[in-house]
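Data block below; observations after.
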Amino acid sequence: MLPVLVVHGGAGFIPKKRVQPACAGVRAAVRGGYSKLQGQGSAMDAVVEAVTLLENDHHYNAGLGSVLNVKGEVEMDAIVMDGRYLASGAVSAVRKVANPVQLARLVMDKTSHLCLTGEGANQFARAMGVPEVPEESLITEYARMRWKKNLAADANPVECQMGKMGTVGAVAVDAEGNIACATSTGGMLNKMEGRVGDTACIGCGCYADNRVGAVSPTGEGEAIMKVTLARLILFHMEQGRSAEAAADEALAYMKERVGGLGGVVVVDPQGEWSVRFSSLQMAWAAAQQQTLHYGLYTGEHFTQNIDDPY
């Protein structure tokens, strides 16, 4: 059953004209990440590669294409976690970095800290030789249009959150049985400057443990934080539930307890995986035993040989 990689491109509602590129993007990301696993790369290599590809795709709210804060600026969060040692690294409210997930990995690998924020994260990026990019290079016309629309006095940015492509993430188990996860986001549409959501918070935006599994969530960040969604799912798995049952129980609890919608990708140490969401849609893809799996709506599950052309 190993290795395996599962990615998501955000929970919510995807406008019709963006459905095809959104679905194509997660398939491309899972192909790229899975190639690392096929080349004897680690689970961490695979999830970082997959999320990097999604950050570089302007159809997602991460890296290029990130939504704008209330001032019309890009502030991004990202996290990685290695299930071998419970090592983790994260950045929050980081600016002018093309691939926050790669910076998060450097935090894990090169510091004794778990999270760096704001200007401190950018100073660390410069110290590590990470190129600084112009902020304009991360802003799409689509993001700017939605920012302007939600500046209106009667706009409800929280309600509009589920009308966008969202947070991106990945979970993987490599051929050695090691587990990792990564998540990246541009955050909440028209958020206050300095707002940090679930993505950069360990146990919320992701969690990986070789003994249990890994989770990368997406959806309403404040709701995810309130129930520590990623760790809650793994808690249910520790009690003997399958990845699917654990995800369903945790998502139902989040909806009932705090009214939050979202989705998750989950994997266990044996390579069993699950994709579950309470939102209308979630673009996802998975690769296992040379088969590419993908879908968008609840109950939708297509497959093809991973080497077949699109």
Side-chain angles (χ1 to χ4, degrees), residues 1-14 18-39 41 43-65 80 99 101 164-174 179-185 206 208 213-219 243-244 247 262-268 271-310:
M1 299 291 286
L2 302 179
V4 58
L5 172 68
V6 194
V7 308
H8 67 74
F13 169 73
I14 308 170
R18 296 175 71 89
V19 165
Q20 191 280 330
C23 293
V26 291
R27 294 201 301 273
V30 88
R31 288 175 188 268
Y34 194 66
S35 70
K36 295 287 185 181
L37 296 175
Q38 291 174 307
M44 180 59 66
D45 292 336
V47 296
V48 170
E49 176 66 15
V51 171
T52 294
L53 290 169
L54 292 167
E55 287 176 338
N56 293 340
D57 187 326
H58 68 89
H59 294 98
Y60 304 99
N61 176 24
L64 173 64
V80 299
N99 297 113
V101 71
K164 64 169 178 60
M165 283 307 297
T167 298
V168 303
V171 295
V173 189
D174 61 31
I179 296 176
C181 60
T183 311
S184 180
T185 189
C206 83
V215 178
S216 174
T218 175
E244 180 175 303
V264 295
V265 290
V266 188
V267 69
D268 73 14
E272 294 289 339
W273 57 273
S274 184
V275 174
R276 310 298 288 175
F277 48 98
S278 53
S279 56
L280 179 64
Q281 298 163 305
M282 185 175 80
W284 65 270
Q288 186 177 45
Q289 295 182 316
Q290 296 303 117
T291 299
L292 178 67
H293 307 255
Y294 61 97
L296 178 66
Y297 291 95
T298 298
E300 190 173 81
H301 188 154
F302 302 108
T303 61
Q304 65 183 85
N305 187 288
I306 199 163
D307 295 323
D308 287 348
Y310 291 109

Study note, to complete from the structure: Tightest non-hydrogen contact, residues A50 and V7, listed as CB-CG1, 3.8 Å

Point to revise | Stepwise side-chain contact (heavy atoms from CB on, under 4.5 Å) test for N56 and L64 | key: CA-CA 6 Å; N56 293 340; L64 173 64; 5.8 Å; no

Exercise for review: Step by step, work out the side-chain contact (heavy atoms from CB on, under 4.5 Å) result for V47 and V80.
Suggested key: CA-CA 8 Å; V47 296; V80 299; 5.6 Å; no

Check your understanding: Of the non-hydrogen atoms in A29 and L54, which two are nearest, and what is the gap between them?
Key -> CB-CG, 3.7 Å

Check your understanding: Could you give the distance from OG1 (T185) to CD (E55), rounded to the nearest 0.5 Å?
Key -> 10.0 Å

Review point. Roughly how far, to the nearest 0.5 Å, is the CD atom of Q281 from the OH atom of Y297?
Key: 4.0 Å

Exercise for review: Please round to the nearest 0.5 Å and tell me the distance separating atom NE2 of H293 and atom CD1 of I306.
Suggested key: 9.0 Å

**Study point:** pair L280-F13: side-chain heavy atoms closer than 4.5 Å
**Key:** yes

Study note, to complete from the structure: d(L292 CG, N305 CG) to nearest 0.5 Å is 9.0 Å

Practice item. Return the minimal non-hydrogen interatomic distance between V275 and V6, and the atom names on each side. Key: CG2-CG1, 3.8 Å

Exercise for review: Rounded to the nearest 0.5 Å, what's the gap from CG on L37 to CG on D174? Could you check?
Suggested key: 6.5 Å

Review point. What pairs with D307 under side-chain hydrogen bond (donor to acceptor under 3.5 Å, both in side chains), at least two apart in sequence or on another chain?
Key: Q290

Exercise for review: Under the salt bridge (charged side-chain N to carboxylate O under 4.0 Å, His left out) rule, collect the residues that match up with D57, sequence neighbours excluded.
Suggested key: none

Exercise for review: Please answer whether the main-chain N or O of V168 pairs with a side-chain N or O of S184 as donor and acceptor at a distance below 3.5 Å.
Suggested key: no

Review point. Heavy-atom distance under 4.5 Å between the side chains of P3 and Y34, does that happen here?
Key: yes

**Study point:** T218 side-chain N/O to A11 backbone N/O, donor-acceptor pair under 3.5 Å
**Key:** yes

Practice item. Check Q304 against R31 and note the closest heavy-atom contact, atom names and distance. Key: NE2-NH2, 3.1 Å

Point to revise | Euclidean distance, C23 SG relative to R18 CZ, rounded to 0.5 Å | key: 12.5 Å

Point to revise | Validation row: V266, R276 side chains within 4.5 angstrom (heavy atoms) | key: no

Study note, to complete from the structure: In short, A22 meets I14 closest at the heavy-atom pair CB-CD1, 4.2 Å

Practice item. May I ask you to test the L2-V173 pair for a side-chain heavy-atom distance under 4.5 Å? Key: yes

Review point. With H58, which residues qualify under ring pair (Phe, Tyr, Trp, His ring centres under 6.0 Å), at least two apart?
Key: none

Exercise for review: Establish, from distance only, whether the side-chain atoms of T303 and T291 form a donor-acceptor pair under 3.5 Å.
Suggested key: no

Check your understanding: Could you walk me through whether Y294 and E300 pass the side-chain contact (heavy atoms from CB on, under 4.5 Å) check?
Key -> CA-CA 8 Å; Y294 61 97; E300 190 173 81; over 6 Å; no

Practice item. Could you tell me which non-hydrogen atom of V4 sits nearest to which non-hydrogen atom of W273, and how far apart they are? Key: CG2-CD1, 3.7 Å

